[in-house]
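Below is one structure; the comments refer to it alone.
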Protein chains: 2
Amino acid sequence: MNVMNDSPRRKELTRQAAQLFVQEGFDRTTVRMLAQEMGIKSGSLFHHFRDKQEILAAVIEEGTQNALVIAKAALEQCDNSAEARLQAMARAHLETLLTDRNAHVVALYEWRRLDPEARDHLSHLRDAYEALWEAVIDAALAERLIHGDRFLVARFVMGALNWTVRWYDPAGSRSPDDLAHELVAMITHRA
Amino acid sequence: MNVMNDSPRRKELTRQAAQLFVQEGFDRTTVRMLAQEMGIKSGSLFHHFRDKQEILAAVIEEGTQNALVIAKAALEQCDNSAEARLQAMARAHLETLLTDRNAHVVALYEWRRLDPEARDHLSHLRDAYEALWEAVIDAALAERLIHGDRFLVARFVMGALNWTVRWYDPAGSRSPDDLAHELVAMITHRA
DNA sequence: GGGTCAACCAAGCAAGCGCTAGTGTAAATG
DNA sequence: CATTTACACTAGCGCTTGCTTGGTTGACCC
């Protein structure tokens with residue numbers, strides 16, 4: 001057992017692990033399966049990660065960090081209107097789900113498999129992401145673009161968006177932009 | 001190894017299994033843990049269920065069947081207006097999540113652990129439930145109470161509702177009725 | 001009062017699990 | 001040239017897993 005830096009090699013291994021975790025689930029994915037997918041033997045795996053748990057944490061950290069970066073970038077390069085910002089966030093969320101699908105599915109489904117320390121560390125990242133959403137929703141409420149309880153609206157919207165991993169087909173006819181449009185139209189109270 | 005009827009004993013065992021599956025996840029729940037929770041030895045478990053998979057299927061079937069019954073009852077004893085029916089469905093959904101929480105959390109999180117035959121059988125049940133939703137949403141669209149794509153609206157709404165298992169606290173100050181109200185208000189386009 | 005049957009138990013098997021120990025080797029570093 | 005580093009290998013330990021086997025118990029039935 002050795003390092004725990006973020007070498008490029010480790011990044012690639014993390015990506016491949018995410019793929020398997022989605023296919024099989026974390027518990028059903030054995031270190032031998034992971035090693036085979038990575039083209040090495042199971043013993044060699046522990047040169048890159050302290051243990052199996054750390055692979056899961058790495059997958060989720062990678063995905064969440066990307067989501068944060070993308071969402072921030074989307075907010076920076078869009079209008080200041082509440083509607084534009086709402087739409088930018090929704091679209092960014094869906095695009096992350098598309099480009100970084102595996103990591104996010106893992107984050108949604110296997111969160112409970114994290115040990116307490118990892119969960120604690122990663123929930124800070126997740127909170128930072130959700131704070132972006134809440135700021136945008138607050139602004140929309142202030143402009144009276146949407147109505148209702150701040151807390152509830154945020155959770156309803158995130159639920160609707162996160163649920164898309166269950167049914168959204170990136171190869172289908174609908175683009176993330178379309179979906180974001182429809183969602184904003186649904187909750188918006190103007191013509 | 002023996003029967004696979006639906007004796008009252010089996011119902012009770014199923015209920016206890018659901019509890020453990022929620023706490024630990026399906027894969028991490030061992031037959032020895034299940035047996036201990038049930039007050040029997042692990043070998044005796046296989047008198048009631050063919051294998052571990054069948055316990056999972058039993059849990060999910062029970063929960064989905066209950067949801068169907070409750071939703072149908074709610075629709076029968078409410079106004080014919082689209083808004084009332086929308087609210088009745090949302091409220092029924094949330095109440096099921098409250099009274100039958102364990103089974104539904106399992107259905108949401110462990111669906112992928114079902115083997116293909118069980119998944120096929122249970123997806124028919126789930127489709128019947130979703131059909132109720134789509135009928136109600138169709139009516140609301142026809143009345144122009146809500147706008148948008150039938151398919152997308154249905155999935156956004158179900159996502160928002162199912163996501164509640166992540167954050168909703170039944171002991172908190174909000175009732176299922178409150179939540180249903182807020183959700184309908186959010187997507188509704190009238191004063 | 002012999003037969004039936006659901007319900008349970010003790011014991012254990014074969015397979016698979018996460019992880020470790022110790023070693024080899026090619027490239028980078030001093 | 002000598003040493004360190006990064007990465008991979010083989011071999012296997014200690015343990016848990018889902019499930020099976022072979023048998024016992026006690027309530028009910030004609």
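Order of the sequence lines sets the chain letters (A, B, ...), proteins ahead of strands, with each chain counted from 1.
Nearest nucleotide to the side chain of A:His47, out of C:dC19, D:dC7, C:dA7: D:dC7. Minimum atom distance to the side chain of B:Phe46 is reached by D:dT20, of the listed C:dG18, C:dC8, D:dT20. Of the candidate nucleotides D:dC9, D:dG18, C:dA10, C:dA10 has the atom lying nearest to any side-chain atom of B:Lys41. Side chain of B:Ser42, nearest nucleotide from C:dC19, D:dA8, D:dC19: D:dC19.
When rounded to the nearest whole Å, the span between CG of A:Leu45 and P of C:dC17 equals 14 Å. As a whole-Å value, the separation of B:Gln36 CD from C:dC9 C1' is 15 Å. Atom-to-atom, CG of A:Asp27 to C1' of D:dT16 comes out at 14 Å; the value is rounded to the nearest Å. Put simply, CZ on A:Arg28 is 14 Å from P on C:dG16, counting in whole angstrom units. Put simply, CZ on A:Phe49 is 15 Å from C1' on D:dA6, counting in whole angstrom units. Following rounding to the nearest Å, B:Met38 (CE) and C:dA7 (P) show an atom-to-atom distance of 13 Å.
Dashed line: the shortest gap from a side-chain N or O of B:Arg9 to OP1 or OP2 of C:dC8 is under 4.0 Å. At the phosphate of C:dC8, OP1 or OP2 sits under 4.0 Å from a side-chain N or O atom of B:His48. For C:dC9, the OP1/OP2 oxygens have a side-chain nitrogen or oxygen of B:Ser44 closer than 4.0 Å. An OP1 or OP2 oxygen of C:dG18 is reached within less than 4.0 angstrom by a side-chain nitrogen or oxygen of A:Lys52.
Because its NZ or CZ atom is both nearer than 6.0 Å to the ring centre of B:Trp111 and within 45° of the ring axis, B:Arg126 counts as a cation-pi partner of that residue.
Side-chain contact annotation: B:His104 with B:Tyr109, donor-acceptor N/O pair under 3.5 Å absent.
Tested against B:Asn102, the residues B:Gln23, B:Gln19, B:Glu62, B:Gln16 include a single side-chain hydrogen bond (donor to acceptor under 3.5 Å, both in side chains) partner, B:Gln19.
Remark: aromatic rings of B:His93 and B:Tyr129 are close, center separation under 6.0 Å.
At a cut-off of 3.5 angstrom, counting only N and O atoms as typed in the model, there is a donor on one side and an acceptor on the other between the side-chain of B:Arg32 and the base of D:dG18.
Salt bridge absent: B:Glu76 and B:Lys72 never bring a charged side-chain N and a carboxylate O closer than 4.0 Å.
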